[in-house]
Enquirer: 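Submitted below is the structure of interest, expressed as structure tokens.
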Amino acid sequence: MLLAQTAVRNVGIVIFAIIIIGLIVYLFFNLLDSKGEGGAEIELAANRKPYFDDDILETRKLDLSLMSGLFLLSVIGIALPLYWLGEPGRHEGLVENTIELNTERGAESFEESCSSCHGGGGAGGEIAFAITEAGTGNFIASVDWVAPSLTSLLTRFDEDEVTHTLNFGRNGVMPAWGAPGGGPLTTQQLEIIITYLRSVQRDGAAVQAAVFDGLVEGARAEMISRDADLSAELAELEFGVQVARQSGLADQIEEAASELGAFQARTGELFPNDELAAWVEEISDPGHEEYLTYGELLFTNRADAGAYGCARCHTAGWSFDGANDFDLAGNPLTTIVDEDGNEVAGYNQGGGWFGPNLTGGSTLSQFPRADQQIGFIEVGSTDGGQYGAAGQGSGQMPGFGERIDSALVEIDEFGNELERVWPASLTEDQITAIVAYERSQ
Ligand code: HEC
Ligand code: HEC
């Protein structure tokens with residue numbers, strides 16, 4: 001369609017050029033004609049000049065005028081219908097052209113405003129953030145906060161919900177970009193960025209592969225945590241990284257990071273990917289005694305900076321690895337109380353943060369039956385919409401099932417209108433496992 005559009009434009013330009021050249025030639029000869037005349041006005045007046053005789057007038061001259069008239073008529077007769085025939089194509093070409101242009105322009109603004117935190121192409125990243133004391137604003141620690149991948153964003157949120165997040169930012173970490181939140185970008189600039197984001201959304205297979213990679217990584221962390229020696233060693237190395245960072249000395253930072261890297265390489269060999277993958281498959285069976293661990297791995301999935309998990313919104317401190325980050329006094333930024341009543345580094349998993357507390361039976365009273373809870377997690381909340389027994393949505397709880405966007409209609413090769421379907425982030429089996437885990441907490 002774009003081709004059709006430029007072809008029509010080119011023909012237009014050629015015709016225009018021919019007309020202009022013709023005009024110049026006409027003016028030139030006209031001017032020549034008017035020169036070189038001398039003598040009395042009475043002989044030179046236009047109506048006194050001898051003209052063609054009748055023979056020529058009735059044959060050559062007449063034929064020429066008729067022929068040129070006919071020629072012009074046929075040009076108009078062919079060009080006009082052709083023009084109208086091209087009209088729908090031009091219209092579609094314009095729409096496609098606009099989308100293409102906006103995608104390009106959106107890519108530029110994304111690189112400029114978003115990629116420093118969300119990674120190139122929205123692949124996910126992290127950002128240095130200062131944790132301060134509520135009330136006093138005193139510095140507590142500098143942490144790396146994950147900025148989720150945006151390559152499956154449009155399956156979890158509709159475009160109005162995304163616009164809301166862009167307008168107002170999120171939790172003081174993600175800045176406000178739109179004018180309503182005091183940000184620098186106009187509504188149109190935000191729309192253009194969202195048009196670009198459509199072009200980086202992954203297909204269902206890629207999303208599922210990423211989810212599974214995250215489960216394997218989570219399984220390795222789980223194996224380390226079950227081994228007292230390894231987990232003590234890891235805690236020490238993580239502490240070393242924090243101390244080195246606070247010292248600000250490049251040598252120390254590098255050394256601490258390389259020690260942690262060596263530990264990761266060693267545990268990578270100790271717990272190889274294929275074995276972990278097989279274990280994840282095994283515990284995904286609802287009859288397996290570790291089925292709830294499978295649900296927890298899905299809940300805390302770190303793949304693509306937490307995009308497919310729940311912990312980043314429902315667990316305080318998870319986004320900056322708060323159980324392994326330390327304040328200036330060397331205390332972990334998040335602590336829980338163990339069986340012996342001691343405070344130790346850890347998360348109150350699902351204990352609530354940006355999203356509500358899901359533990360202590362709260363989801364059981366919100367959703368008396370598991371299938372109601374599964375249904376809610378599949379579609380997420382809407383702004384102002386009621387859910388469960390007494391839930392009031394803000395539109396910020398994502399929907400993890402497939403999402404159909406009827407505003408993004410595409411025409412297929414047979415001329416049928418197709419609504420845009422964004423593939424699910426999590427399968428129904430995966431959501432069922434998460435719900436079983438949540439309801440046990
Ligand atoms: C300074 C770093 C930073 C910049 C710049 C930034 N973001 Fe974010 N963004 C974040 C963080 C961090 C989060 C997660 C916040 C949280 O944990 O609640 C986030 C969350 C989001 C979310 C919600 C995603 C989800 O799945 O919940 C969207 C959408 C988003 N950002 C889009 C953008 C776009 C588009 C831009 C550029 C206009 C942008 N961000 C620029 C840091 C940033
Ligand atoms: C981007 C942040 C975010 C993520 C990620 C997220 N949630 Fe939520 N969730 C919320 C918010 C916010 C609410 C409260 C409802 C609202 O404001 O719309 C909520 C509400 C809920 C509720 C209802 C709780 C109640 O008592 O009202 C459940 C259950 C829930 N989320 C489960 C999940 C599960 C399971 C996942 C992961 C598959 C998840 N959430 C991921 C933000 C999030």
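Every number for a ligand or one of its atoms is a count from 1 in the order of the listing. Side chains are part of it too, since the values below use all heavy atoms of this structure and drop only hydrogens, waters and symmetry mates. Predicted model, so just to flag it, every value in this text is computed and none were measured.
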Enquirer: Atom 17 (O) of ligand 2: which protein heavy atom is closest, and how many Å away?
Expert: Ser394 OG, 2.6 Å
Enquirer: Show me which atoms of ligand 1 lie under 4.0 Å from any heavy atom of Leu153.
Expert: 24 (C), 26 (O), 29 (C)
Enquirer: Would you verify whether the NZ or CZ of Arg302 falls within 45 degrees of the ring axis of Trp318 while also being under 6.0 Å from that six-membered ring's centre?
Expert: yes
Enquirer: Is it the case that ligand 1 has an N or O less than 3.5 angstrom from some N or O of Ser149?
Expert: no
Enquirer: Using a 4.0 Å cutoff against the non-hydrogen atoms of Ile127, which atoms of ligand 1 qualify?
Expert: 1 (C), 2 (C)
Enquirer: Tell me whether the count of non-hydrogen atoms from other residues, nucleotides or ligands lying under 6.0 Å of CD in Glu254 goes above 12.
Expert: no
Enquirer: Check contact between Arg170 and ligand 2, using heavy atoms of the residue and a distance below 4.0 angstrom.
Expert: yes
Enquirer: Are any of the heavy atoms in Val146 under 4.0 Å away from ligand 1?
Expert: yes
Enquirer: Could you find the nearest protein heavy atom to atom 28 (C) of ligand 1 and give me its residue, atom name and distance?
Expert: Leu150 CD2, 3.8 Å
Enquirer: Please evaluate residues Phe110 and Leu150 with respect to the criterion side chain to side chain contact (heavy atoms under 4.5 Å, CB included), reporting the C-alpha separation (whole Å), side-chain torsions for both, the decisive distance (0.1 Å), and the verdict.
Expert: CA-CA 11 Å; Phe110 188 89; Leu150 304 177; 3.8 Å; yes
Enquirer: Looking only at side chains, do Asp321 and Tyr347 share a donor and an acceptor under 3.5 Å apart?
Expert: yes
Enquirer: Which part of Phe299 is near ligand 2, with near meaning a heavy atom under 4.0 Å away: side chain, backbone, both or neither?
Expert: neither
Enquirer: Could you tell me whether Glu111 atom CD has more than 12 heavy atoms of other residues or ligands within 6.0 Å of it?
Expert: yes
Enquirer: Would you say the ring centers of Phe320 and Phe129 fall short of 6.0 Å from each other?
Expert: no
Enquirer: May I ask whether Pro148 places a heavy atom under 4.0 Å from ligand 1?
Expert: yes
Enquirer: Side-chain donor-acceptor pair under 3.5 Å between Thr293 and Glu296, yes or no?
Expert: no
Enquirer: How about Thr165: does one of its N, O or S atoms come closer than 2.8 Å to atom 8 (Fe) of ligand 1?
Expert: no
Enquirer: Taking only Lys NZ, Arg NE, NH1 and NH2, and the carboxylate oxygens of Asp or Glu, determine whether Arg198 and Glu159 approach each other closer than 4.0 Å.
Expert: yes
Enquirer: So, 2.8 Å as the limit: is an N/O/S atom of His118 located closer than that to atom 8 (Fe) of ligand 1?
Expert: yes
Enquirer: Specify the protein heavy atom at minimum distance from atom 22 (C) of ligand 2: its residue, its atom name, and the distance to 0.1 Å.
Expert: Phe376 CE2, 3.4 Å
Enquirer: By number and element, which atoms of ligand 2 are closer than 4.0 Å to a non-hydrogen atom of Gly395?
Expert: 18 (O)
Enquirer: Within ligand 1, which atoms have a heavy atom of Leu166 less than 4.0 Å away?
Expert: 32 (C), 33 (C), 34 (C), 35 (C)
Enquirer: Could you check whether any side-chain N or O of Glu281 sits under 3.5 Å from a backbone N or O of Ala277, counting only pairs where one atom can act as donor and the other as acceptor?
Expert: no
Enquirer: Would Glu100 and Thr103 count as a side-chain hydrogen bond (donor to acceptor under 3.5 Å, both in side chains) if you check the C-alpha gap in whole Å, the side-chain angles of each, and the deciding distance to 0.1 Å?
Expert: CA-CA 5 Å; Glu100 208 163 294; Thr103 304; over 6 Å; no
Enquirer: Among protein heavy atoms, which lies nearest atom 37 (C) of ligand 1, and at what distance?
Expert: Cys114 SG, 1.8 Å
Enquirer: For Ser113, is at least one N or O under 3.5 Å away from an N or O on ligand 1?
Expert: no
Enquirer: Any idea which protein heavy atom is nearest atom 32 (C) of ligand 2, and the distance to it?
Expert: Glu438 OE2, 3.4 Å
Enquirer: Please tell me whether Glu161 and Gln396 have a donor and an acceptor in their side chains that are separated by less than 3.5 angstrom.
Expert: no
Enquirer: At a 4.0 Å threshold, what atoms of ligand 2 neighbour a non-hydrogen atom of Ile434?
Expert: 35 (C), 38 (C)
Enquirer: Determine, for Arg105 against Glu108, whether the closest basic-nitrogen to carboxylate-oxygen distance falls under 4.0 angstrom.
Expert: no
Enquirer: Would Gly391 count as a contact residue for ligand 2, given that I'm defining contact as a non-hydrogen atom of the residue lying under 4.0 Å from a ligand atom?
Expert: no
Enquirer: Salt bridge check, Glu378 against Arg403: does any charged N sit closer than 4.0 Å to a carboxylate O?
Expert: no
Enquirer: How far is atom 41 (C) of ligand 1 from its nearest protein heavy atom, and which residue and atom is that?
Expert: Trp177 NE1, 3.3 Å
Enquirer: Among the heavy atoms of Phe129, does any lie under 4.0 Å from an atom of ligand 1?
Expert: no
Enquirer: Judged on heavy-atom distance to atom 4 (C) of ligand 1, which of Ala176, Gly172, Cys117 sits nearest?
Expert: Cys117
Enquirer: Looking just at side-chain N and O atoms, do Thr359 and Asn357 make a donor-acceptor pair shorter than 3.5 Å?
Expert: yes
Enquirer: Do Arg202 and Ser152 have a side chain donor and acceptor closer than 3.5 Å?
Expert: no
Enquirer: Just by distance, with hydrogens left out, do Gln349 and Gln441 show a side-chain donor and acceptor under 3.5 Å apart?
Expert: no
Enquirer: Using heavy atoms and a 4.0 Å limit, tell me yes or no: is Gly309 in contact with ligand 2?
Expert: yes
Enquirer: Around Glu133, counting heavy atoms of other residues, nucleotides and ligands shown, do more than 12 lie under 6.0 Å from its CD?
Expert: yes
Enquirer: For ligand 1, is there an atom lying under 4.0 Å from some heavy atom of Trp145?
Expert: yes
Enquirer: Give the total of protein N/O/S atoms at a distance below 2.8 Å from atom 8 (Fe) of ligand 2.
Expert: 2
Enquirer: For atom 33 (C) of ligand 1, state which one of Glu126, Arg312, Met174 supplies the nearest heavy atom.
Expert: Met174
Enquirer: Counting only heavy atoms not in Glu410 (residues, nucleotides, ligands), do more than 12 fall under 6.0 Å from its CD?
Expert: yes
Enquirer: Evaluate the criterion side chain to side chain contact (heavy atoms under 4.5 Å, CB included) for residue pair Ile411 and Leu418; output intermediate values, then yes/no.
Expert: CA-CA 6 Å; Ile411 313 283; Leu418 299 180; over 6 Å; no
Enquirer: Once you restrict to heavy atoms under 4.0 Å, what part of Phe354 touches ligand 1? Side chain, backbone, both or neither.
Expert: neither
Enquirer: Do the rings of Phe326 and Phe239 sit parallel, tilted or perpendicular, given the 30° and 60° boundaries?
Expert: perpendicular
Enquirer: Is it the side chain, the backbone, both or neither of Tyr387 that has a heavy atom closer than 4.0 Å to ligand 2?
Expert: side chain
Enquirer: Record the part of Arg439 in heavy-atom contact with ligand 2 below 4.0 Å; permitted values are side chain, backbone, both and neither.
Expert: neither
Enquirer: What is the closest protein heavy atom to atom 25 (C) of ligand 2, and at what distance does it sit?
Expert: Gln366 NE2, 3.4 Å
